K.L.:
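Following this message is one structure expressed as structure tokens.
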Amino acid sequence: MTIDSTIFFTWEGKTYEAVIEREYENSVLVQVNEPSSEMLEKFTNRMIISKKNCQQTIE
């Protein structure tokens, strides 16, 4: 996983597309492309997710 790459992740049973902003040892900070209203309210479309919960797109 690299910065600015697109990934997909599952949150509360739904799949979302996001762009990696920063990488940590076991997680990534992402900006969600089409966040739910709950994400916008709680996280302002940026959130840290586990690498185990990510699938990277092949470019």
Side-chain angles (χ1 to χ4, degrees):
M1 292 186 186
T2 59
I3 295 174
D4 292 331
S5 60
T6 302
I7 60 157
F8 291 91
F9 69 97
T10 304
W11 187 68
E12 294 189 348
K14 294 184 182 177
T15 301
Y16 294 92
E17 180 180 17
V19 177
I20 296 174
E21 291 187 2
R22 188 167 186 174
E23 185 175 5
Y24 302 101
E25 186 175 335
N26 296 313
S27 60
V28 287
L29 172 65
V30 297
Q31 181 170 0
V32 183
N33 291 338
E34 294 181 24
S36 67
S37 57
E38 185 178 0
M39 277 183 191
L40 284 173
E41 184 179 311
K42 289 182 178 179
F43 307 108
T44 62
N45 86 330
R46 295 174 75 206
M47 51 194 314
I48 294 177
I49 56 174
S50 170
K51 287 182 180 179
K52 293 178 183 178
N53 197 23
C54 299
Q55 293 180 343
Q56 190 168 5
T57 61
I58 300 172
E59 297 177 11

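Here the structure is a predicted model, which is why all the values come from computation and not from measurement.
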K.L.:
Should Ile20 and Thr2 count as side-chain neighbours, where that means a heavy-atom distance under 4.5 Å?
P.N.:
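Result no, sub-4.5 Å side-chain heavy-atom pair not found.
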
K.L.:
Could you report the tightest heavy-atom contact between Gln31 and Glu21, atom names first, then the distance?
P.N.:
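Shortest heavy-atom separation between Gln31 and Glu21 comes out as OE1-OE2, 2.9 Å.
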
K.L.:
Are any non-hydrogen side-chain atoms of Val28 and Glu23 less than 4.5 angstrom apart?
P.N.:
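Yes, their side chains come closer than 4.5 Å.
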
K.L.:
With a 4.5 Å cut-off on side-chain heavy atoms, are Trp11 and Ser36 touching?
P.N.:
yes

K.L.:
Under 4.5 Å side-chain heavy-atom separation, chaining through any Ile, Leu, Val, Met, Phe, Trp or Tyr, what else clusters with Tyr24? Say none if it is isolated.
P.N.:
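Tyr24 clusters with Leu29, Ile48.
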
K.L.:
Out of curiosity, Glu34 CD to Lys14 NZ, how far, rounded to the nearest 0.5 Å?
P.N.:
12.0 Å

K.L.:
Assess whether side chain to side chain contact (heavy atoms under 4.5 Å, CB included) is satisfied between Lys42 and Met47, documenting all intermediate values.
P.N.:
CA-CA 9 Å; Lys42 289 182 178 179; Met47 51 194 314; over 6 Å; no

K.L.:
Which heavy atom of Ala18 sits nearest a heavy atom of Val32, and at what distance?
P.N.:
CB-CA, 3.9 Å

K.L.:
When Ile, Leu, Val, Met, Phe, Trp and Tyr are grouped by side-chain heavy atoms lying under 4.5 Å apart, directly or through other members, which residues fall in the same group as Leu40?
P.N.:
none

K.L.:
How close do Asn33 and Val19 get, heavy atom to heavy atom, and via which atoms?
P.N.:
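The answer is OD1-CG2, 3.8 Å.
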
